[in-house]
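As a basis for the values below, the full set of heavy atoms in this structure was taken, side chains included, without hydrogen atoms, waters or symmetry mates.
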Amino acid sequence: MRILVTGGAGFLGTALANKLVQEGHIVRVLDDLSAGDASYLDKDILFSRGDTRDIPRLWSLLKDVDCVYHLAARVSVPESIAYPVEYNDVNVGGTVSLMTAVRDARVKRVVLASSAAVYGNQAQQPISESAVLQPESPYAVSKVAAENYVQAIGKLWGIETVILRIQNAYGPNQPLPASHAPVVPRFLKQVCSGGSVILFGSGRQTRDFVYISDVTDALIAAGSVPDIDGTICNIGSGSETSISELLDVIEKVTGREAHRLQNGVGEVGVSRLYANISRAQEVLGYSSRVNLETGLRFTLEQDVRFSPC
């Protein structure tokens with residue numbers, strides 16, 4: 001197939017684009033490089049630096065494209081609280097622009113990478129796709145809006161749409177910004193460098209950590225499995241892990257004892273969050289093949305930033 005990946009120089013996008021090329025597809029990538037790095041992309045990928053709100057640029061990239069993976073987005077919950085206008089502009093405006101260009105180019109299918117953040121706090125765990133959405137941040141609201149725009153425009157113009165609500169993905173080369181860094185690379189870096197690890201709140205809040213190769217497998221299936229128009233699927237490991245337990249596993253795989261500092265205050269997000277993945281198993285043939293310990297070992301082996309371990 002001919003495929004366009006928006007946000008294709010980011011963490012998820014790079015892994016997806018490279019895997020698609022390995023499988024023989026013709027891949028184009030659009031990314032503004034605000035958070036991505038094109039140097040990790042396969043040499044056979046056609047890379048274009050640009051913005052998803054640039055409809056004329058999209059028209060040129062969408063020529064003869066069979067499927068679009070829409071991964072381009074701002075993704076930090078704390079940052080979205082400080083900059084809600086920008087998050088609405090990029091995440092919602094960029095999605096509407098993309099779907100408009102997709103309509104004009106008559107692309108057959110769009111796969112949207114959404115987020116588990118759309119669920120918010122839920123009493124029923126694991127969370128199924130039928131749960132009432134309770135977004136608790138501008139980022140989460142922007143992903144709910146993106147989902148609705150993709151489905152609405154898709155129905156109006158006969159575009160097949162598939163939405164994946166991705167849990168806490170991790171793996172080699174995940175960005176590690178100075179502020180609001182994802183928990184897995186942050187903990188690995190702190191433990192490997194001998195620094196202190198701060199556990200906010202009780203440390204008992206839980207998440208569903210899913211290795212990057214499992215996510216790319218799900219995305220590829222979402223772009224190719226027939227007769228799944230309108231489907232929404234959770235993509236995760238289906239396992240619940242507390243933040244404190246995550247640090248326990250990191251200590252095991254690194255062979256180092258973490259210097260733990262408990263901070264009872266600070267932003268910790270929802271108290272529990274892990275996915276019911278039965279729909280993805282049924283519809284996409286998805287399975288989580290890499291458990292947390294194995295995924296962390298793969299990350300250590302393949303990411304030079306953690307070489308002290």
Side-chain angles (χ1 to χ4, degrees), residues 75-82 114-128 131-141 143-144 165-171 174-211 214-215 234-277 288 290-297 299-300 306 309:
V75 298
S76 168
V77 168
E79 186 183 66
S80 77
I81 294 170
S114 187
S115 168
V118 300
Y119 290 117
N121 271 300
Q122 299 280 341
Q124 184 66 42
Q125 299 284 338
I127 296 172
S128 71
V132 177
L133 304 185
Q134 301 184 87
E136 298 182 357
S137 68
Y139 167 68
V141 170
K143 298 306 282 188
V144 173
R165 292 175 179 160
I166 299 169
Q167 305 293 308
N168 286 60
Y170 70 96
Q174 187 171 14
L176 190 57
S179 61
H180 311 311
V183 65
V184 170
R186 174 160 49 91
F187 278 9
L188 283 172
K189 184 68 173 178
Q190 290 165 334
V191 172
C192 288
S193 64
S196 298
V197 179
I198 300 175
L199 292 172
F200 291 100
S202 66
R204 292 192 295 271
Q205 59 271 25
T206 64
R207 295 294 183 269
D208 184 336
F209 297 100
V210 57
Y211 190 66
D214 286 338
V215 178
N234 290 329
I235 302 300
S237 68
S239 299
E240 183 177 26
T241 303
S242 74
I243 301 303
S244 181
E245 289 169 340
L246 168 65
L247 190 51
D248 292 341
V249 181
I250 288 175
E251 288 180 321
K252 180 179 179 180
V253 300
T254 60
R256 299 188 176 208
E257 184 177 353
H259 179 217
R260 304 185 185 212
L261 297 177
Q262 201 78 31
N263 186 340
V265 298
E267 196 66 42
V268 296
V270 300
S271 58
R272 293 183 72 194
L273 184 61
Y274 79 109
N276 181 329
I277 59 173
S288 179
V290 182
N291 66 28
L292 181 59
E293 181 177 336
T294 303
L296 290 171
R297 291 189 188 280
T299 302
L300 284 173
F306 309 128
C309 284

Exercise: identify the closest heavy-atom pair between S288 and D214
OG-OD2, 3.2 Å
Could you list the donor-acceptor pairs under 3.5 angstrom formed between side-chain atoms of residues 184-198 and any protein atom two or more places apart in sequence or on another chain?
from, atom 1, to, atom 2, distance (Å)
R186, NE, A181, O, 3.3
K189, NZ, R305, O, 3.4
S193, OG, K189, O, 2.7
S193, OG, Q190, O, 3.3
S196, OG, H259, ND1, 2.7

Which residues satisfy the side-chain contact (heavy atoms from CB on, under 4.5 Å) test with I277, sequence neighbours excluded?
A275, Q281, Y286
Taking all heavy atoms of I250 and all of T254, pick out the closest pair and write down the distance.
O-OG1, 2.7 Å
Shortest non-hydrogen contact from Q122 toward V132:
NE2-O, 2.7 Å
Among all residues two or more places apart in sequence or in another chain, which pass the side-chain hydrogen bond (donor to acceptor under 3.5 Å, both in side chains) test with N276?
S278
Applying side-chain hydrogen bond (donor to acceptor under 3.5 Å, both in side chains), name anything that partners S80, two or more places apart in sequence or on another chain.
none
Contacts of E293 meeting side-chain contact (heavy atoms from CB on, under 4.5 Å) (sequence neighbours excluded), chain-then-number -> V249, K252, V253, N291, R297
Is Q205 reaching over with its side chain to a backbone N or O of I243, donor-acceptor style, under 3.5 angstrom?
no
What heavy-atom pair brings G120 and V270 nearest, and what distance separates the two atoms?
C-CG1, 3.5 Å
Atom pair OG/CG of S115 and N168 - distance to nearest 0.5 Å
8.0 Å
Please enumerate all residues that pass side-chain contact (heavy atoms from CB on, under 4.5 Å) together with V141, with sequence neighbours excluded.
P135
Is any side-chain heavy atom of Q167 less than 4.5 Å from a side-chain heavy atom of L273?
yes
Checking Y170 now: which residues fulfil ring-ring contact (aromatic ring centres under 6.0 Å, His included) with it, not counting sequence neighbours?
Y211
Would you name the heavy atoms of D208 and S237 that are closest together and state the gap between them?
OD1-OG, 2.6 Å
Kindly say whether F200 contributes a backbone atom to a donor-acceptor pair with the side chain of N263 at under 3.5 angstrom?
no
Could you pull out all residues at least two apart from Q262 that satisfy side-chain contact (heavy atoms from CB on, under 4.5 Å)?
L199
side-chain hydrogen bond (donor to acceptor under 3.5 Å, both in side chains) partners of S76, counting only residues at least two apart:
none
Sequence-distant partners of T299, side-chain hydrogen bond (donor to acceptor under 3.5 Å, both in side chains), two or more places apart
none
Closest contact, heavy atoms only, N121 versus E136
N-OE2, 3.2 Å
Can you list every salt bridge (charged side-chain N to carboxylate O under 4.0 Å, His left out) pair that touches residues 234-251, not counting sequence neighbours?
E240-R272, D248-R260, E251-R260
CA sep, side-chain torsions, deciding dist, call: L133, R165, side chain to side chain contact (heavy atoms under 4.5 Å, CB included):
CA-CA 12 Å; L133 304 185; R165 292 175 179 160; 3.7 Å; yes
